[in-house]
Amino acid sequence: MEDDVMSKIAVVTGASSGLGREFVVQISEKYKTIDEIWVIARRAERLYALEREIEGKKIIVLPLDITKQEDLEAYKKMLAKEHPWVRVLVNAAGYGIMGHVEDVVCEELTGMIDVNCKALVAMTKITLPYMKEQSNIINIASSAAYLPQPSFAVYAATKSMVRSFSKALNKELEDRDITVTAVCPGPVNTEFFDVAEKYSHTKAFKRLFRVEAKNVVKRALFDAYYLKTESTYSITMKAFKIVTKLLPNDWIVSMIK
Ligand SMILES: NC(=O)c1ccc[n+]([C@@H]2O[C@H](COP(=O)([O-])OP(=O)(O)OC[C@H]3O[C@@H](n4cnc5c(N)ncnc54)[C@H](OP(=O)(O)O)[C@@H]3O)[C@@H](O)[C@H]2O)c1
């Protein structure tokens with residue numbers, strides 16, 4: 001199909017709240033050449049509310065659970081039917097649960113791997129045939145990717161995987177001129193903590209470091225535009241990243257514990 005007749009779209013997972021939702025808002029404002037944004041999450045009513053709010057872009061609501069094979073198949077079929085050019089894929093769906101591995105329910109631990117890793121890889125693999133030069137994949141990792149984290153062990157490990165996967169995939173896709181950016185924010189003010197703090201609470205001082213989703217997303221879109229493979233918002237998180245490179249990780253992990 002010719003480029004000028006293909007619709008150019010963005011696909012955003014985790015679009016019903018927090019960072020994913022903010023990506024939809026900012027992509028609709030900044031990407032003039034994108035015709036449609038496909039918004040994915042389980043809570044359909046939130047997605048339809050977002051559709052009503054966004055002006056000037058067509059929003060396609062896809063109420064999908066991306067850990068379910070049949071829902072991934074539905075997405076695959078939709079791509080095959082519409083045959084769009086996916087200019088931007090944002091993999092923002094994810095969750096974390098704090099607490100010791102011994103204390104958290106097994107399905108909640110493995111569920112983090114299912115959404116944060118397995119579904120992210122599946123979404124990427126299914127979408128890639130519909131991407132072309134000058135397209136972007138934006139994967140939401142976390143500053144938790146920089147270091148093993150006691151009391152957030154599985155979550156931090158999933159985000160290390162996302163960061164590592166993103167960097168390797170970026171190299172693989174270099175010849176196709178597709179950039180993969182791993183976004184590594186510290187704590188962000190979203191509904192993330194409603195789930196994360198089910199078993200254990202964030203220490204009060206850590207709340208001071210929480211930033212707003214709109215700033216993280218603005219930085220991420222800027223970095224993706226300038227073909228950066230990693231996006232870290234805020235001086236504090238940039239400093240944290242440097243510290244994790246300079247100091248022995250085992251020592252920092254002991255300090256965190
Ligand atoms: N907030 C932070 O402090 C922080 C820091 C670093 C990284 N992150 C990462 O940023 C990403 C977005 O988190 P957030 O802070 O925006 O949290 P959030 O407000 O809780 O958003 C999480 C999103 O993921 C979606 N989701 C979860 N499971 C899903 C599934 N099985 N299928 C489809 N969608 C699913 C949720 O939608 P439904 O429930 O409607 O399905 C929701 O839209 C996550 O990957 C998180 O790990 C967050």
Side-chain angles (χ1 to χ4, degrees), residues 11-26 38-51 61-72 74-75 89-98 107-108 110-124 126 138-147 149 152 154-163 165-166 181-198 201-203 206-217 219-220 230-234 236-237 240-241:
V11 177
V12 181
T13 74
S16 62
S17 73
L19 290 165
R21 188 183 186 286
E22 187 60 33
F23 269 105
V24 177
V25 171
Q26 293 197 25
W38 294 12
V39 295
I40 298 176
R42 291 164 302 180
R43 287 170 293 179
E45 70 290 355
R46 293 275 196 109
L47 299 177
Y48 285 114
L50 181 61
E51 182 195 21
V61 171
L62 299 176
L64 303 174
D65 179 339
I66 55 171
T67 62
K68 291 192 172 151
Q69 194 53 40
E70 62 267 31
D71 287 16
L72 289 172
Y75 171 61
L89 167 66
V90 180
N91 283 306
Y95 76 92
I97 294 200
M98 297 173 192
E107 289 70 23
E108 289 174 336
T110 57
M112 282 185 264
I113 301 169
D114 289 344
V115 188
N116 302 359
C117 301
K118 202 174 157 194
L120 179 142
V121 172
M123 283 298 300
T124 306
I126 292 169
I138 300 176
N139 288 333
I140 313 304
S142 165
S143 60
Y146 299 141
L147 198 71
Q149 296 206 1
F152 221 3
V154 175
Y155 179 72
T158 65
K159 294 302 181 178
S160 291
M161 181 273 174
V162 172
R163 181 170 177 245
F165 169 68
S166 302
T181 305
V183 182
C184 298
V188 189
N189 261 326
T190 67
E191 293 169 27
F192 178 84
F193 292 97
D194 298 349
V195 179
E197 296 187 334
K198 183 176 173 187
H201 285 277
T202 315
K203 293 189 175 63
K206 283 195 176 173
R207 288 168 203 259
L208 298 174
F209 295 111
R210 285 192 197 171
V211 296
E212 296 308 316
K214 66 175 186 311
N215 296 327
V216 173
V217 170
R219 180 80 225 179
E230 192 161 314
S231 176
T232 309
Y233 173 74
S234 93
T236 324
M237 286 310 128
F240 177 62
K241 182 180 169 183

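It should be emphasised that the depicted structure is a prediction, and the values quoted were computed from it without experimental measurement. Every number for a ligand or one of its atoms is a count from 1 in the order of the listing.
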Who are the residue neighbours of ligand 1 when the rule is a heavy atom under 4.0 Å from any of its atoms?
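Contacts of ligand 1 under 4.0 Å: G14, A15, S16, S17, G18, L19, A41, R42, R43, L64, D65, I66, T67, A92, A93, G94, V115, I140, A141, S142, Y155, K159, P185, G186, P187, V188, T190, E191, F192, F193.
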
Closer than 3.5 angstrom, by distance alone: can the side chain of [X] be matched with the main-chain N or O of [Y] as a donor-acceptor pair?
X    : Y    : answer
D71  : D65  : yes
E212 : V188 : no
T67  : D114 : no

Between the side chains of N139 and T181, is a donor N or O closer than 3.5 angstrom to an acceptor N or O?
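On atom types as modelled, these side chains do not qualify, holding no pair under 3.5 Å.
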
How are the rings of F240 and Y146 set relative to one another: parallel (under 30°), tilted (30 to 60°) or perpendicular (over 60°)?
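Rings of F240 and Y146: tilted, 30 to 60°.
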
Ring centres under 6.0 Å, that's the criterion: do F193 and Y95 meet it?
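Distance test on ring centres: not under 6.0 Å, no.
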
